Amino acid sequence: MEMGLPLFYALSILLYLASVAFAENTSPALCSSKFNTKCNSNSSSLHLTLYHPRNPRSPASISDVPISTILSHDEARVKSLALRFSKIPSSRPTSLDRHFDTKSVSDPLTPGGSVGLGNYVTQVGIGTPATSYVMVVDTGSSLSWMQCRPCTVSCHAQVGTVFNPKSSNTYRAITCSATECTSLRSATLNPSACSSNVCIYQASYGDSSFSVGYLSKDTLSLGSHFAFPNFTYGCGQDNEGLFGKSAGLIGLARNKLSLLSQLAPKLGYAFSYCLPTTKSTGFLSIGSYNNPAGFSYTPLVSSSLDDALYFLKLAYISVAGKPIAVPASAYGSIPTIIDSGTVITRLQSDVYTALSKAFLATMRGHKRADAYSILDTCFKGKVASTAVAAVALVFDGGATMKLRPENIMISLNNGKLTCLAFAPATSVSIIGNTQQQTFKVVYDVAGKRLGFAASGCR
Ligand SMILES: *[C@@H]1O[C@H](CO)[C@@H](O)[C@H](O)[C@H]1NC(C)=O
Ligand SMILES: *[C@@H]1O[C@H](CO)[C@@H](O)[C@H](O)[C@H]1NC(C)=O
């Protein structure tokens, strides 16, 4: 869908927008009871309600998307992470040259990671007066962006109205010489561009979703009491791909343009979350966590592969209390990250094979079923949670996730099939969100450690 607005026209609108205070279409209110947003900003950290993307009560539910689609997008996300590590640019042509008057950009886009369909959603406010938007939350991305009027090229369907910079009297477009503009390459892994001295960002994702638009600043509101002026984000004029019905994306990776890094001086360089199931709600809390009781910690390690992602070390996995039969060196033979947007945990292939074997040995009474998508340790029918063996992920330093049956197996095809929710990987192990569900996870970036605690969504 290309509208082909002449660029100078789009820009003059933007410049006009930047200078005019014109409030219209405000609301829904930030702490809307309709969206059940908790507005508790009592401490140095902030609690936002987090929804599973397939929770029918999520403000941007994708509960109608079949699980097979979710799994194939999950595989695209994992592939794009692998590509990102190998620094191979994607061959997809940029939309920039077609739609913006840019001369310098000829590099192909590098996939920043797939947005996929596994990302949890929350709500944040942008602009003055603040309007609330549904955003996906992604620990695998840095730059935050949202769809933005006039949607010069394309906006996908979203819940609520598309952000209109015109209705915010604190909106500003960022110029090309600003440091935020020169930082874009490390934040998006793509070059920035310049059009009539407005900085243009390009965020691209491995599932060929992307957002291109004006790098901007405006006031970000989290909950009802916290407002952060001059938050840097992308005002997306060309937004294509599968983002559910969300308005955009919040980047929680470690690059300095991420929401986390921008808010760190005010709230602390840390965040925590509890990823809920499809039936409950959880939270995202930005800032230092001041109730660390019950957490066990593992070091966050740095990797030359990518300085924005969260690397850790998996020490071993146990099934029914016994470490699985694989040499310890197998765990470290490829890097391991923790990721909020990958649905199924990926393990180095020997580790996966050993896990599958050990798990199968505990399921002797159950009939094997054929593989389903990326899942190959499957059983016919439903499996009672009491029949699921204990599985624990133990990290360097002893931090342990004692998984619940719901973190171990997923029920598919209306209960006709139940599969072990792990899959093999070749270049990166990923602790995915099915396994993290209902754990409290704290990313203490300043303290270079990551903590887990059970029963976190209450
Ligand atoms: C906020 O803190 C005050 C005092 O510490 C406490 O009484 C109140 O219950 C807290 N509110 C919330 C929503 O946690
Ligand atoms: C935000 O940016 C504006 C314009 O550059 C500036 O006047 C203002 O002081 C900034 N506010 C804060 C809190 O940094």
Side-chain angles (χ1 to χ4, degrees), residues 10-24 26 30-31 39 41-48 123-133 135 142-149 163-188 192-201 203 213-237 247-271 285-288 445-446:
L11 275 178
S12 55
I13 295 175
L14 278 189
L15 291 176
Y16 169 74
L17 305 183
S19 59
V20 175
F22 182 52
E24 57 161 14
T26 50
L30 277 176
C31 303
C39 291
S41 55
N42 227 3
S43 61
S44 66
S45 71
L46 287 150
H47 258 56
L48 304 175
Q123 288 168 292
V124 302
I126 284 278
T128 308
T131 303
S132 179
Y133 296 93
M135 307 279 270
S142 291
L143 183 72
S144 304
W145 58 264
M146 65 192 300
Q147 302 201 103
C148 214
R149 280 197 224 164
F163 174 65
N164 186 356
K166 204 177 178 178
S167 60
S168 169
N169 57 33
T170 42
Y171 176 87
R172 283 187 296 127
I174 291 179
T175 59
C176 304
S177 57
T179 52
E180 292 87 350
C181 189
T182 44
S183 302
L184 268 178
R185 185 186 269 274
S186 68
T188 61
S192 62
C194 187
S195 180
S196 304
N197 203 26
V198 174
C199 179
I200 299 200
Y201 74 93
Y214 303 104
L215 193 64
S216 307
K217 283 186 191 254
D218 205 339
T219 300
L220 170 77
S221 303
L222 302 177
S224 57
H225 305 302
F226 179 84
F228 181 80
N230 298 339
F231 175 66
T232 301
Y233 69 104
C235 181
Q237 298 299 322
L249 177 147
I250 286 175
L252 287 178
R254 274 192 271 196
N255 180 275
K256 66 181 173 187
L257 279 189
S258 77
L259 178 142
L260 173 70
S261 303
Q262 290 188 58
L263 268 54
K266 215 154 192 182
L267 298 174
Y269 200 17
F271 66 97
S285 177
I286 312 283
S288 305
V445 183

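Remember, it's a predicted structure, so these values are computed and weren't measured experimentally. When a residue number appears, it is its place in the shown sequence, counting from 1. Indexing begins at 1, ligand by ligand and atom by atom, following the structure's order. Basis for what follows: all heavy atoms, side chains included, without hydrogens, waters or symmetry-related copies.
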Among Leu220, Leu184, Leu215, find the residue that satisfies the side-chain contact (heavy atoms from CB on, under 4.5 Å) test when tested with Thr232.
-> Leu215
Below 4.0 Å from any atom of ligand 2, is there a heavy atom belonging to Arg172?
-> yes
For atom 13 (C) of ligand 2, the protein heavy atom that lies nearest, with its residue and separation = Pro229 CG, 3.5 Å
Nearest atoms (heavy-atom pairs only) where Gly236 meets Tyr201 | CA-OH, 3.0 Å
Measure SG to SG for Cys148 and Cys235 and state whether it is below 2.5 Å.
-> yes
Should the SG of Cys176 and the SG of Cys199 be checked, would they turn out to be under 2.5 Å apart?
-> no
Establish whether atom 9 (O) of ligand 2 and some protein heavy atom are separated by less than 4.0 angstrom.
-> no
Just need the protein heavy atom nearest to atom 11 (N) of ligand 2, so name the residue and atom and give the distance.
-> Asn230 ND2, 2.8 Å
